[in-house]
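Please read the structure below before turning to the comments.
Letters A, B, ... are given to chains in the order of the sequence lines, protein chains preceding strands, and every chain is numbered from 1. As the structure is a prediction and not an experimental result, all values here were calculated from the model.
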Amino acid sequence: MTEIIVVTSGKGGVGKTTSSASLAVGLARRGKKVAVIDFDVGLRNLDLIMGCERRVVYDFVNVIHGECTLKQALIKDKRFETLYVLAASQTRDKDALTKEGVERVLNELAEEGFDYVICDSPAGIEKGAALAMYFADRAVVVVNPEVSSVRDSDRILGLLSSKTRRAELGNGAIEQHLLLTRYNPGRVEAGDMMSIKDVQEILGIEVLGVIPESEGVLAASNAGVPVILDEQSFAGQAYDDAVARLLGEQRSMRFLDAQKKGLFARIFGS
Amino acid sequence: MGILDFFKSRPKNTASVAKERLRIIVAQERAQRGSPDYLPLLRRELLEVIKKYVNVDPDAVLINVEREGDQEVLELSVTLPDQAPAAARDEL
């Protein structure tokens, strides 16, 4: 069985692509066969975050239009044998994606024996985002602890419960998870940032993971190495926890407390 | 201004303000979700008609669709001001 997971948010710049890349790598590292698809036609970026931008020959739209085979367009990751990237088209407009075309690609991936397909949604609620979520079995809603991101993700939650194939067939809402990113425990403690509990209370869905704001994220995107592979960074470790929870493992939340500063605090602090 | 006021004037807890604002707007937007598209326009036109007779506040008209079994009930609630303005009463 292939499980289709959409990574979405409504608002842009909250960490969808960063999260898609790290979740895909995390699943592949556990031996799963994973394809990660960039649905952001015209604004391709997943290839950069995955570090395969110079190996893109064919893209998602080429496959949909029958200009190449799916096998030709899937870019095999250099680090993990079971991980493949399907890049978005950089030249076409958003209308290049069709529901039938997306369905055909997803069916073909299922026939190829993929365990997981991660759909990296574009921002917004237009066609690309709508198609990224339509065939999903599960959704990871990426949210920052900030007012506009929380409001937009609630809008997305509304769409997820009505505008997916499963909902249209009357099979109920798809499974939804929150992934809280850019979390700054120090600012939460100072009362300047909403806490995990606050966001969870407002949106009312379960939290899959909390990714602390970390210098490692920018360093990882600079290098084209998904941050989950940086085992020194808290963000990388938090993504690994999220992947484990996605697979049903129980793991307690880490990195929710502010780090103590300096030697003095370390000696005399509690 | 005393020295105490200086310390009190520190910015208050903005996270709790954010949470409260979101709680309200999210509840409001969820209530509208799935309701017919024409509701906002219907509400605006009703308000215009009511305003011809009574000077009501724009927030005074509440409109809602509730589902009870197979039936849909359009619920309309208008809060009239305590005292109708003299001009409006003369016209009536």
d(B:E29 CD, A:D154 CG) to nearest 0.5 Å is 7.0 Å
Note: vs chain B, highest number of non-hydrogen pairs under 4.5 angstrom among A:M194, A:E201, A:R187 is A:M194
Ranking A:L203, A:V188, A:V199 by heavy-atom pairs under 4.5 Å to chain B gives rank one to A:L203
Output for pair (B:I25 CD1, A:I202 CD1), nearest 0.5 Å, gives 12.0 Å
**OP:** Please say whether more than 12 non-hydrogen atoms of neighbouring residues, nucleotides or ligands are located less than 6.0 Å from CD in A:E215.
**Re:** no
In short, B:A15 meets A:D192 closest at the heavy-atom pair CB-C, 4.1 Å
Between B:K19 and A:D198, the two heavy atoms sitting closest are NZ-OD1, 3.1 Å
Honestly, the part of A:M193 sitting under 4.5 Å from a heavy atom of chain B is backbone
Bottom line for A:R155: the part with an atom under 4.5 Å from chain B's heavy atoms is backbone
If you count heavy atoms of other groups shown closer than 6.0 angstrom to CD of A:Q232, is the number above 12? no
Q.
Is it the case that atom CZ in B:R21 sees more than 12 heavy atoms from other parts of the structure closer than 6.0 Å?
A. no
Taking every heavy atom of A:V147 against every heavy atom of B:L22, the minimum-distance pair comes out as O-CD2, 3.5 Å
